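Only heavy atoms go into these numbers, but all of them, side chains included; no hydrogens, no water, no symmetry mates. The model shown is predicted, which means the values in this text are computed figures rather than measured ones.
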Amino acid sequence: MTTRVIIVDDQAMVRAGFAALLAAQSDIDVVGEAPDGAQGVELSRRTHPDVVLMDVRMPEMDGLEAARRLLSPPPGVTHRPRVLMLTTFDVDDYVYEALRAGASGFLLKDAPPADLIAAVRVVASGDALLAPSVTRRLIADFAQQRPASRGKPALRLKGLTERETEVLTLVARGQSNTEIAGTLVLAEQTVKTHVSRVLTKLDLRDRAQAVVFAYESGLVAPGE
């Protein structure tokens with residue numbers, strides 16, 4: 001099955017480079033490019049991509065606002081693509097807010113080509129791009145700057161079973177399903193079932209939002 005992708009970045013050379021790289025893959029189809037968030041939202045609504053590669057900082061409309069509009073569309077708009085944020089290392093809590101808005105992760109712009117291709121495939125499959133240690137470290141940094149919300153998020157944790165809480169903790173620490181299965185001595189399919197139940201019970205879209213929730217609820221402390 002072919003993954004439809006659009007690229008939203010204000011640098012023409014970046015868009016062209018990413019487009020050429022992704023279009024060369026037999027399972028990826030680049031269906032459009034846009035130079036800012038506003039045009040990216042319009043393009044996404046028109047082309048219905050599976051994945052949107054979204055730059056963080058752009059003129060007219062930044063990547064955060066564009067991600068919010070794509071992931072929380074107005075009534076009548078049913079299409080919600082997966083959003084993969086593109087950024088440089090010197091990020092601020094912009095990326096954290098993007099994850100809270102529902103973005104499926106982010107990728108450094110200077111990542112190797114193979115990482116970009118893999119990231120698109122991971123996000124398209126419905127997973128979140130949380131494996132790189134830099135992602136976990138940045139999320140932890142952002143969470144550390146904010147006191148954990150001990151109110152509603154913590155109360156929502158009470159709806160989880162002990163095993164589901166263990167799984168959520170390991171997801172928040174950046175472990176894959178395979179790693180969680182090894183840690184808890186479970187079948188990988190069982191882990192997938194637990195993750196799915198956690199997302200459903202907490203009304204979370206994917207693993208990225210699960211990580212944010214775990215930090216905000218105080219289940220996982222920065223630096224653990």
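- Atom CG in L202 sits 13.5 Å away from atom CZ in R197 (nearest 0.5 Å).
- The minimum heavy-atom distance linking A119 with L107 is given by the pair CB-CD2, 4.1 Å.
- Across all their heavy atoms, G102 and Q209 have their closest contact at CA-NE2, 3.3 Å.
- Residues K201 and L160 have side chains in contact (heavy-atom distance under 4.5 Å, counting atoms from C-beta outward).
- Residues forming a side-chain contact (heavy atoms from CB on, under 4.5 Å) with Q39 (at least two apart in sequence, or on another chain): A34, P35, D36.
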Legend entry - side-chain contact (heavy atoms from CB on, under 4.5 Å) evaluation trace for R207 with V195: CA-CA 8 Å; R207 295 170 83 100; V195 171; 3.9 Å; yes
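- The two atoms that bring A16 and E33 nearest to each other are N-OE1, 4.4 Å, heavy atoms only.
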Inset, instruction - Apply the test side-chain contact (heavy atoms from CB on, under 4.5 Å) to residues M61 and R69: give CA-CA distance (whole Å), side-chain angles for both, the deciding distance (0.1 Å), then the verdict. - result: CA-CA 11 Å; M61 181 188 292; R69 296 193 184 191; 3.2 Å; yes
Review item, side-chain donor-acceptor pairs of residues 3-10, under 3.5 Å, at least two apart:
{"residue": "R4", "atom": "NH2", "partner": "T47", "partner atom": "O", "Å": "2.5"}
{"residue": "D9", "atom": "OD1", "partner": "Q11", "partner atom": "N", "Å": "2.8"}
{"residue": "D9", "atom": "OD2", "partner": "K109", "partner atom": "NZ", "Å": "2.9"}

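- With rounding to the nearest 0.5 angstrom, the CZ atom of F213 is 6.5 Å from the CG atom of L204.
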Inset, instruction - Take E166 and V171 through the side-chain contact (heavy atoms from CB on, under 4.5 Å) test and state the conclusion after the steps. - result: CA-CA 9 Å; E166 289 178 326; V171 167; over 6 Å; no
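- Interatomic distance, CG of L199 versus NE2 of H194, reported as 13.0 Å (0.5 Å rounding).
- Taking OG from S217 and NZ from K158, the interatomic distance works out to 12.5 Å, rounded to the nearest 0.5 Å.
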Sequence neighbours excluded and cut-off under 3.5 Å, please list the side-chain donor-acceptor pairs for residues 178-189, or say none.
{"residue": "T178", "atom": "OG1", "partner": "E188", "partner atom": "OE1", "Å": "3.2"}
{"residue": "T178", "atom": "OG1", "partner": "E188", "partner atom": "OE2", "Å": "3.2"}
{"residue": "E179", "atom": "OE1", "partner": "S176", "partner atom": "N", "Å": "2.8"}
{"residue": "T183", "atom": "OG1", "partner": "Q175", "partner atom": "OE1", "Å": "3.1"}
{"residue": "T183", "atom": "OG1", "partner": "E179", "partner atom": "O", "Å": "3.0"}

Side-chain polar contacts of residues 21-29 - donor-acceptor pairs under 3.5 angstrom, sequence neighbours left out - could you list them?
{"residue": "Q25", "atom": "NE2", "partner": "L21", "partner atom": "O", "Å": "3.2"}
{"residue": "D27", "atom": "OD1", "partner": "R121", "partner atom": "NH2", "Å": "3.0"}
{"residue": "D27", "atom": "OD2", "partner": "R121", "partner atom": "NE", "Å": "2.9"}

Inset, instruction - With side-chain contact (heavy atoms from CB on, under 4.5 Å) as the test, would you mind laying out the steps for L108 and T87 before giving the verdict? - result: CA-CA 5 Å; L108 300 180; T87 186; 4.2 Å; yes
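- Formation of a donor-acceptor pair under 3.5 Å by the R80 side chain with backbone atoms of L71 is found in this model.
- Contact of the M58 side chain with the D55 side chain is registered, since non-hydrogen atoms from C-beta on lie closer than 4.5 Å.
- Closest approach of D115 to A111, counting heavy atoms only: CB-CB, 4.0 Å.
- A ring pair (Phe, Tyr, Trp, His ring centres under 6.0 Å) check over residues 19-45, counting only residues at least two apart or in different chains, returns nothing.
- By the 4.0 Å N-to-carboxylate-O rule, R68 lies close enough to E65 to be salt-bridged with it.
- Closest of all the heavy-atom pairs between L86 and F18 is CD1-CE1, 3.6 Å.
- Taking CG from L168 and CZ from R163, the interatomic distance works out to 13.5 Å, rounded to the nearest 0.5 Å.
- Smallest separation of non-hydrogen atoms from S104 and V123: CB-CG1, 3.8 Å.
- Here the rule is side-chain contact (heavy atoms from CB on, under 4.5 Å) with V83, and of L70, L53, V51 only L70 fits it.
- Listed by chain and number, the residues in a side-chain contact (heavy atoms from CB on, under 4.5 Å) with H79 are S44, H48, P49, P81 (sequence neighbours excluded).
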